[in-house]
Amino acid sequence: MQYSRATKRGYVRPRLWQRLRIQAGGGLLAGMGLPAILLGTFYPEFFKTLSVQYTITGTVAAVLLSVYLLRNISSYSGMRTSSYYVLPVVLIAYSATFAFFALFRLDYSRALFLCSISGTLTWLYLTQLLAERGSALRIAVVPEGRVQVLAALPSLDLEWLTEPRLNADCQMLVADFRADMSDEWEAFLAECALDGLPVLHVKQLVESITGRVEIEHLSENSFGSLIPFVGYLRLRRVVDFVSALIIGILLFPILLIVATLVRWDSTGPALFRQVRIGYRGHHFHVLKFRTMAVSTKEGDIRDGAKTKDNDDRVTRLGRVLRRTRIDELPQIINILRGEMSWIGPRPEAEPLSRWYEAELPFYRYRHIVPPGITGWAQVNQGHVVELDDVLAKLHYDFFYIKNFSPWLDAMIVVRTIQTILTGFGAR
């Protein structure tokens with residue numbers, strides 16, 4: 001059998017609105033150029049002040065940082081980037097720039113900063129919306145091995161090949177590299193890769209779309225990819241401590257008020273302490289605002305550690321605290337102690353953790369990174385306790401470990417804000 005050579009096209013170029021030069025160039029024009037020209041037109045002396053020159057430099061940095069963050073976060077959101085990531089990303093970039101000005105006591109133009117934020121938001125929203133409205137990526141599939149799983153995934157434009165021949169409109173090739181392929185198909189894959197066409201293993205594509213790593217049959221290579229970057233772990237520990245210290249000081253009056261309300265709402269202590277399994281399997285006491293009535297009944301320890309749907313043990317105030325995640329705020333103390341991070345796999349109560357370890361393969365490996373107040377599983381799945389649901393949660397945890405990076409953490413922060421506003425996954 002003869003196979004056709006893939007077209008000499010180099011790597012597939014992103015769509016117009018997804019290209020770096022378009023996003024960055026248009027962002028600089030909308031976020032710095034047009035606001036500066038507009039203000040300079042109405043105020044002829046505008047550019048002569050040192051504060052404006054500082055601000056122009058700062059807005060350039062903020063625009064480029066916004067584009068950089070958005071493009072990195074997009075690699076963890078499936079095939080497309082939702083436009084609702086634009087606002088938090090821009091706010092993070094400009095807040096960092098503003099913090100730099102405040103730290104070094106540099107003068108700045110408030111008008112130019114505000115106009116720059118508006119211009120950058122407008123441009124990035126526009127590019128994302130136009131990119132999302134574009135036609136779906138055309139993916140060719142080699143029909144060998146375990147590729148049928150792709151048929152169940154939404155929003156994919158798939159072409160199932162019947163012979164080693166590629167149509168001109170296909171922009172990506174997917175195959176199961178573990179399958180026992182014929183020589184013709186193997187030569188076809190090699191030729192497409194040499195011609196610059198992206199060739200992906202089906203497992204890579206499925207993980208990108210679902211945000212999960214299947215763990216039932218981990219190979220040696222899989223474990224090798226599930227070792228987090230130690231340098232980032234150490235850097236994040238410093239960031240966690242500093243941010244927890246600052247936020248703890250700022251929120252201290254609010255925490256006292258909430259603690260008083262908890263004591264007033266029902267009998268019992270304001271804080272709830274529970275032994276949980278943390279980083280590298282170490283035990284620690286997690287701290288939360290108490291949201292359940294104190295029970296004196298004896299019963300199954302494992303069953304008592306579960307929070308069920310519409311659990312009658314949850315107090316009136318407790319339902320509000322759980323929905324808004326305010327009950328988690330005392331864990332700032334756990335972060336300062338080094339027992340937790342802001343982001344990571346959620347630590348489970350000791351009885352539940354032991355149960356999961358006995359029933360689920362590789363469950364203990366999730367302790368290779370510090371547990372967090374929020375995490376990839378929480379923003380995708382919510383609170384779960386039953387074995388089948390916990391197995392799916394473990395798939396999300398392993399995706400987080402495999403892709404452990406500041407970009408995925410930034411995306412989780414954005415998704416957490418959305419979760420707090422909607423109350424997703426609360427019990």
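Start at 1 with the first residue, then count along the sequence.
Not a single salt bridge (charged side-chain N to carboxylate O under 4.0 Å, His left out) links Arg280 to another residue, sequence neighbours left out.
Taking OH of Tyr365 as the start and CG of Leu394 as the end, the distance is 12.0 Å to the nearest 0.5 Å. To the nearest 0.5 Å, atom CZ of residue Phe177 and atom CD of residue Gln204 are 6.5 Å apart. Residue Leu271 holds its CG atom at 11.0 Å from CG of Asp327, rounded to the nearest 0.5 Å. Summarising the geometry, atom OG1 belonging to Thr374 is positioned 10.0 Å from atom CD1 belonging to Ile417; distances are rounded to the nearest 0.5 Å. Atoms NZ and CG, from Lys288 and Leu329 in turn, are 11.5 Å apart once rounded to the nearest 0.5 Å. Summarising the geometry, atom CE belonging to Met172 is positioned 13.0 Å from atom SG belonging to Cys192; distances are rounded to the nearest 0.5 Å.
Between Glu144 and Arg178 there is no salt bridge, since no side-chain nitrogen of the basic residue lies less than 4.0 Å from a carboxylate oxygen of the acidic one. Salt bridge status for Arg276 with Glu339: absent, with no side-chain N to carboxylate O gap under 4.0 Å. Ion pairing of Glu328 with Arg346 is present here, as a side-chain N (NZ or NE/NH1/NH2) and a carboxylate O approach within less than 4.0 Å. The pair Arg138-Glu159 meets the salt-bridge criterion, since a charged nitrogen lies less than 4.0 angstrom from a carboxylate oxygen.
The neighbour count for Arg337 CZ, taken as heavy atoms of other residues, nucleotides or ligands under 6.0 Å away, is above 12. Atom CZ of Phe284 sits in a crowded spot, with more than 12 heavy atoms from other residues, nucleotides or ligands closer than 6.0 Å.
When atom types are taken as modelled, the side chain of Asp265 and the backbone of Leu261 share no donor-acceptor pair closer than 3.5 angstrom. Side chain of Asp176 to backbone of Val147: no donor-acceptor contact under 3.5 angstrom is found. For the pair Asn334 (side chain) and Leu287 (backbone), a donor-acceptor distance under 3.5 Å is present.
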Derivation of the side chain to side chain contact (heavy atoms under 4.5 Å, CB included) call for Gln381 and Tyr396: CA-CA 9 Å; Gln381 189 183 30; Tyr396 285 115; 4.1 Å; yes
Candidate pair Thr120 and Tyr94, rule side-chain hydrogen bond (donor to acceptor under 3.5 Å, both in side chains), full reasoning: CA-CA 10 Å; Thr120 304; Tyr94 276 85; 2.8 Å; yes
Start with the C-alpha gap between Trp160 and Gln148, add the side-chain angles, then the distance that decides, and say whether side chain to side chain contact (heavy atoms under 4.5 Å, CB included) holds. CA-CA 10 Å; Trp160 299 88; Gln148 295 300 324; 4.0 Å; yes
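Taking the side chain as every heavy atom from C-beta outward, Met411 and Trp407 never approach each other to under 4.5 Å. With a 4.5 Å cut-off on side-chain heavy atoms, Ile373 and Ile343 do not count as touching. Side chains of Leu161 and Val141 form no contact here, defined as non-hydrogen atoms less than 4.5 Å apart.
Of all heavy-atom pairs spanning Pro35 and Cys115, the tightest one is CB-CB, 3.6 Å.
Cation-pi check for Arg290 over Phe272 is not met; the charged atom does not lie both under 6.0 angstrom from the ring centroid and within 45 degrees of its normal. Cation-pi contact between Arg415 and Trp376: present, with separation from the ring centre below 6.0 Å and deviation from the ring axis of at most 45°.
Applying the side-chain hydrogen bond (donor to acceptor under 3.5 Å, both in side chains) test to residues at least two apart or on different chains, none of the pairs has a partner in residues 98-112.
Taking the six-membered ring where the residue is Trp, Phe404 and Tyr400 present perpendicular rings, their angle passing 60° and hence far from 30°.
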